[in-house]
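In what follows, every chain begins at residue 1, and chains take the letters A, B, ... in the order their sequences are listed. This one's a predicted model, so the numbers in the text were calculated from it and none came from an experiment.
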Protein chains: 2
Amino acid sequence: MDLVHARKLVAEAIQNQEMLMVIGDCYVEYWGRAASKLPRGKRLCLIKGDGSFGIHQNKKLRPVNYMMGAAIASEVKDGCLLLSAKKAKPKEEIRVHFYAVDGVHRYAMDDREDVRLFGSERELSGQLMTDLSFIEPGLTPMKSEAPFRKGTVDILAEDGRGRLVVIEVKRRKAEFDAVTQLERYMKQVRKLKGRETRGLLIAPEISPHALELLEQSGLEFYQFDYEVGNPRATIKGVRKKQPTLSEYLGTPSAPLLSRGKD
Amino acid sequence: MDLVHARKLVAEAIQNQEMLMVIGDCYVEYWGRAASKLPRGKRLCLIKGDGSFGIHQNKKLRPVNYMMGAAIASEVKDGCLLLSAKKAKPKEEIRVHFYAVDGVHRYAMDDREDVRLFGSERELSGQLMTDLSFIEPGLTPMKSEAPFRKGTVDILAEDGRGRLVVIEVKRRKAEFDAVTQLERYMKQVRKLKGRETRGLLIAPEISPHALELLEQSGLEFYQFDYEVGNPRATIKGVRKKQPTLSEYLGTPSAPLLSRGKD
DNA sequence: GCGATCAGCGGCACG
DNA sequence: CGTGCCGTTGATCGC
């Protein structure tokens with residue numbers, strides 16, 4: 001395809017904030033937060049109306065080079081179509097040299113809708129807020145998304161013996177960071193409130209190493225199952241996992257507690 | 001565009017592992033790890049040779065729905081072109097209902113090159129390994145990327161007084177995570193090696209909260225500047241941050257003044 | 001395969 | 001603006 005013509009199409013599409021696809025044999029350089037070079041090959045350059053800019057190879061989900069909110073320029077120079085994306089903060093630049101352009105496609109995208117997602121951590125946390133008693137009788141919610149100076153506690157509650165309970169919820173397997181996060185919150189809450197405080201990690205699963213760390217810190221893990229669907233995610237059950245030896249000797253077993261009827 | 005014809009193009013492109021772009025008015029549903037619905041609107045469906053599948057709106061960098069390594073199927077049904085992406089583990093599915101197709105574009109992508117990135121944390125860590133003396137005289141590198149049971153220590157070194165030094169390198173501003181990570185490594189190394197051990201965090205910047213946490217744990221922060229370019233990133237300088245008041249008074253383990261504010 | 005971590009993380013919500 | 005943190009995180013590397 002004629003590069004001058006291609007450039008004209010590109011300029012018009014950007015002007016109109018259309019979605020723009022340029023396919024061709026190109027060489028890409030980037031410098032800014034890091035730097036990179038991508039030797040010649042055929043790729044897709046995808047440019048969106050808000051200045052999102054991405055170079056896609058025919059593999060992987062993510063673009064190999066990208067920029068958000070870019071100022072985009074085009075020119076024909078030295079027998080190449082040069083597309084460049086620039087941003088000031090942080091100072092970054094991508095340059096795409098097209099030696100040949102196989103296709104330019106532009107579309108005005110009429111789209112007034114946004115995606116609706118179900119099963120986010122926030123939603124699960126909200127579900128738990130409505131009823132904590134099936135984790136433990138007498139456990140009552142006080143505040144969700146409680147903001148502290150350093151971070152936000154998912155759920156703040158009080159147990160049957162008047163102790164403060166800090167709850168961290170994870171929508172997937174809990175790892176180290178979940179435990180350290182809870183530890184941080186515990187330190188803050190204990191210092192601030194100055195009363196006896198328990199820490200609960202609630203997740204569908206926990207890694208062995210994370211569980212080890214958790215138990216060393218005197219925190220507790222509860223497993224929960226949930227199901228995502230339309231229009232909401234629903235908690236199916238919560239059970240205490242891997243009871244400590246002393247707890248195990250004290251109580252026969254930790255039964256699975258279900259909410260509602262089956 | 002005729003949906004039956006569009007479907008033929010789609011099937012051929014997928015068969016040949018070409019890059020495929022379908023643009024049209026569609027409605028998208030997803031369920032799997034979470035669930036989502038995207039009401040009707042015009043979007044791009046981008047399918048790559050390795051089964052990467054993404055629905056792109058005309059904004060943002062990331063696809064609003066996506067799947068990697070998907071098995072893709074197409075059919076014309078109820079006056080719609082239905083594209084579906086499925087995966088077994090975890091069990092997921094995306095369904096895209098195209099009410100109208102504005103364009104189908106397919107390209108065989110001849111690309112044998114991979115991106116070369118400069119300025120990654122690994123590279124910076126490697127640069128530091130070649131000479132640690134400008135952090136502190138007598139500091140000598142022992143091992144980089146030292147694997148432990150729970151994680152990998154960036155750099156293991158020894159200082160002029162024979163103490164073990166655990167170094168964590170960050171390519172960008174250090175936050176809580178960096179400190180807790182270093183703390184974990186410290187615990188392991190102390191236990192394993194059983195000798196006096198220091199912990200150093202090296203980053204271009206550190207957040208005040210992270211610095212506070214770091215100092216409470218008796219760890220040290222060094223700031224470093226670097227420049228990325230081709231073909232490598234280069235360390236420009238390292239300097240120790242202003243000593244803490246407690247260090248200045250000579251009581252690193254038992255501070256006289258309480259620093260906590262929460 | 002799982003585990004741990006990095007990423008030019010991106011994106012969001014709250015201060 | 002920065003700060004923290006979630007994400008259907010994805011991608012990489014080591015065991």
Under 4.0 Å, counting only non-hydrogen atoms across every strand here, what does [X] touch: a base, just sugar-phosphate, or nothing?
| X | result |
| --- | --- |
| B:R171 | sugar-phosphate |
| A:G151 | sugar-phosphate |
| B:D177 | nothing |
| B:T152 | nothing |
| B:K91 | nothing |
| A:E175 | sugar-phosphate |
| B:P208 | sugar-phosphate |
| A:K173 | sugar-phosphate |
| B:F176 | sugar-phosphate |
| A:E123 | nothing |
| A:S36 | nothing |
| B:M67 | nothing |
| B:R184 | sugar-phosphate |
| B:K170 | sugar-phosphate |

* Asked: Looking only at side-chain N and O atoms, does B:Q181 come under 4.0 Å of OP1 or OP2 in C:dA4?
  -> no

Roughly how many Å is it from [atom1] in [X] to [atom2] in [N], rounded to a whole number?
| X | N | atom1 | atom2 | result |
| --- | --- | --- | --- | --- |
| B:I206 | D:dT3 | CD1 | P | 11 Å |
| B:H209 | D:dC5 | NE2 | C1' | 15 Å |
| A:D154 | D:dG4 | CG | C1' | 12 Å |
| A:R116 | D:dT8 | CZ | C1' | 18 Å |
| B:R62 | C:dC12 | CZ | P | 11 Å |

* To do: Assess the pair A:F224 and A:Y222: is the distance between their ring centroids shorter than 6.0 Å?
  => no

Quick check: closest heavy atoms across [X] and [Y], and the distance to 0.1 Å?
| X | Y | result |
| --- | --- | --- |
| B:F98 | B:C45 | CZ-CB, 4.0 Å |
| A:E123 | A:P231 | OE2-O, 4.3 Å |
| B:A85 | B:M67 | O-CE, 3.5 Å |
| B:L124 | B:A233 | CD2-CB, 3.8 Å |

* Hey, which of these two, A:E205 or A:E92, hits DNA chain C nearer its 5' end, going by closest nucleotide? -> A:E205

* Asked: Nearest nucleotide by nearest heavy atom, which residue falls closer to the 5' end of DNA chain C, A:Y66 or A:R122?
  -> A:Y66

* DNA chain D: B:S52 or B:I94, which has the more 5' nearest nucleotide? ->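 So the residue in question is B:I94.
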
* Asked: When the nearest nucleotide of DNA chain D is assigned to B:N65 and to B:P147 on a heavy-atom basis, which residue is associated with the more 5' position?
  -> B:N65

* Mind telling me whether A:Y27 and A:H97 have parallel, tilted or perpendicular rings, with 30° and 60° as the class edges? => tilted

